[in-house]
Amino acid sequence: MTSDIFDGARDFLVREGRLLERRLFATLFQGAPAAGVVDALRGFRNPDGGFGHGLEPDKRCPDSLPVDVQFAFQTLVAAGPPDAGPLVGDACDWLASVAAPGGAVPVALPVMAAHPRAEHLSDWTFVPGLNPTADLAGLLHRMGAGHPWLALATGWCWSALERELPVDAHAMAGVLTFLEHVPDRERAGRVAAGVRERLADLAYFQPDPGDPEYGVTPLHFAPEPGSPWRRLFSDDAIEGHLDHLLTGQAADGGWALTWRPPSAAATTDYRSVVTVQALRVLTAYGRLTAPTPAMTR
């Protein structure tokens with residue numbers, strides 16, 4: 001069964017996937033060097049140091065956007081390359097150039113409005129906030145980056161979090177990345193103590209694995225069993241979502257979406273993203289065993 005699932009996913013990515021996800025799959029599951037992922041990311045990079053060109057596939061805007069920088073950092077963390085420093089530093093320079101005075105950045109910028117985009121990407125994405133500032137800062141701390149914008153953004157996140165935790169599951173996912181990796185562990189522990197009681201009221205949180213509607217699930221908060229946020233959820237909740245994810249592979253080998261991107265091409269791009277994510281989570285939790293490189297075709 002494991003072999004069939006991996007074979008189907010690999011074949012889907014070969015037929016339909018973006019180069020970036022094909023290179024990431026090869027790095028994570030076939031022993032390929034992470035340099036290939038960095039090379040693929042460079043194709044989405046702009047001269048200003050930011051990332052665009054639909055790197056995060058829910059919009060087709062070529063200009064640099066914070067959500068695309070966020071996606072780039074998430075990909076770099078997944079691949080673990082040793083030599084991505086210049087890309088990260090240049091992207092931080094760009095984030096600093098578009099940040100609000102306190103350091104926060106929005107999901108997107110008004111330039112996005114001139115291009116095809118998913119319906120949920122509306123004017124709210126132009127307002128600086130914890131989504132995506134907390135996730136960006138957390139990812140940079142995880143990568144061991146040092147940049148003036150990171151110090152500014154970290155201070156802004158602390159001020160925001162000590163006023164109130166977010167009410168949206170997307171923002172909370174980024175906050176948990178921040179709390180996991182920010183250096184001030186005592187302060188992070190104090191803020192994290194209030195997360196569990198907030199979960200049930202989060203907008204877009206999807207606790208029911210059988211609900212077909214879009215939502216952020218416990219596996220987004222705790223994508224591996226060693227996550228510090230695994231303790232927020234019962235064994236039954238995690239196992240139920242793993243069951244659902246394991247049986248969610250479509251006949252073509254990829255995983256389907258629960259939302260509507262702006263085009264057929266964007267849908268295919270995002271399916272390649274969630275397919276690699278599904279394999280990563282299922283492998284981390286021991287539901288799948290990745291084949292050794294010698295076993296892959």
- Will you find, in the side chains of H53 and N46, an N or O donor that is under 3.5 Å from an N or O acceptor? yes
- Examine V77 and L87 and state if one hydrophobic cluster contains both, with Ile, Leu, Val, Met, Phe, Trp and Tyr joined whenever side-chain heavy atoms are less than 4.5 Å apart. yes
- Query: Between L152 and P101, what is the shortest heavy-atom contact and its length?
  - Reply: CD2-O, 4.0 Å
- Taking side chain as C-beta onward, heavy atoms only, is V273 less than 4.5 Å from W255? no
- Go through the steps for E119 and R260 under the test side-chain contact (heavy atoms from CB on, under 4.5 Å), then give the verdict. CA-CA 8 Å; E119 291 183 359; R260 182 177 296 177; 5.6 Å; no
- Might you work through the side-chain contact (heavy atoms from CB on, under 4.5 Å) test for W229 and R231, ending with a clear yes or no? CA-CA 5 Å; W229 314 120; R231 66 178 184 269; 3.7 Å; yes
- Message: Quick check for you: to the nearest 0.5 Å, what is the distance between L140 atom CG and T177 atom OG1?
- Response: 11.5 Å
- Message: Check R45 with D90, please: is the shortest side-chain N to carboxylate O separation under 4.0 Å?
- Response: yes
- Query: Would R142 and D135 satisfy salt bridge (charged side-chain N to carboxylate O under 4.0 Å, His left out), going step by step from the backbone distance to the final call?
  - Reply: CA-CA 10 Å; R142 178 170 177 173; D135 195 54; over 6 Å; no
- Query: Would H141 and T154 satisfy side chain to side chain donor-acceptor pair (under 3.5 Å), going step by step from the backbone distance to the final call?
  - Reply: CA-CA 9 Å; H141 284 301; T154 298; 2.9 Å; yes
- Message: Between T268 (side chain only) and E16 (backbone N and O only), is there a donor and an acceptor less than 3.5 Å apart?
- Response: no
- Query: Taking it one step at a time, do E164 and R198 satisfy side-chain contact (heavy atoms from CB on, under 4.5 Å)?
  - Reply: CA-CA 10 Å; E164 184 180 18; R198 179 60 64 91; 4.1 Å; yes
- Item | Pair R187 + E162, salt bridge at N-O below 4.0 Å | yes
- Task: Kindly say whether R23 contributes a backbone atom to a donor-acceptor pair with the side chain of T27 at under 3.5 angstrom?
- Result: yes
- Between H147 and D93, do the side chains contain an N or O donor and an N or O acceptor separated by less than 3.5 Å? yes
- Hey, does the side chain of S227 reach the backbone of E224 with a donor-acceptor pair shorter than 3.5 angstrom? no
- Taking every non-hydrogen atom, the tightest pair across D48 and S64: OD1-OG, 2.8 Å
- Task: Indicate whether the side chain of T125 and that of H120 have a donor and an acceptor atom separated by less than 3.5 Å.
- Result: no
- Query: Do D269 and R60 sit within salt-bridge range, that is, some charged N less than 4.0 Å from a carboxylate O?
  - Reply: yes
- Closest heavy-atom pair and its distance - R10, Q30: CD-NE2, 3.9 Å
- Item | Interatomic spacing from CG in L242 to CG in L219 - rounded to 0.5 Å | 5.0 Å
- Taking the six-membered ring for Trp, are F73 and H181 ring centroids under 6.0 Å apart? no
- Query: Does the separation of the ring centres of W158 and F178 fall below 6.0 angstrom?
  - Reply: yes
- Task: Would you tell me whether E56 and Y270 have side-chain atoms, one donor and one acceptor, within less than 3.5 Å of each other?
- Result: yes
- Do L55 and V111 share a hydrophobic cluster (ILVMFWY, side-chain heavy atoms under 4.5 Å, transitive)? yes
- Note on the structure: Shortest non-hydrogen pair, V88 vs A145, comes out as CG1-CB, 4.3 Å
- Message: Ring centres under 6.0 Å, that's the criterion: do F51 and W94 meet it?
- Response: no
- CA sep, side-chain torsions, deciding dist, call: R117, C61, side-chain contact (heavy atoms from CB on, under 4.5 Å): CA-CA 8 Å; R117 63 194 186 281; C61 178; over 6 Å; no
- Hey, do the aromatic rings of W259 and Y214 have their centres closer than 6.0 Å? yes
- Message: For F126, is the CZ atom crowded, meaning more than 12 foreign heavy atoms sit under 6.0 Å from it?
- Response: yes
- Message: Tell me whether E239 is salt-bridged to R287, with the criterion being a basic N under 4.0 Å from an acidic carboxylate O.
- Response: yes
- Same cluster for L165 and L202 if Ile/Leu/Val/Met/Phe/Trp/Tyr side chains link at under 4.5 Å? yes
- Message: Using 0.5 Å steps for rounding, measure from the CD1 atom of I238 to the CZ atom of R230.
- Response: 4.5 Å
- Query: Can you check whether D168 reaches Y204 side chain to side chain, under 4.5 Å on heavy atoms?
  - Reply: yes
- Query: Is any side-chain heavy atom of L41 less than 4.5 Å from a side-chain heavy atom of L20?
  - Reply: yes
- Query: Between the main-chain N or O of V37 and the side-chain N or O of R42, is there a donor-acceptor pair closer than 3.5 Å?
  - Reply: no
- Considering all heavy atoms, the nearest P66-P132 contact: CB-CG, 4.3 Å
- Looking only at heavy atoms, which two atoms of W149 and C92 are closest? And how far apart? CB-O, 4.1 Å
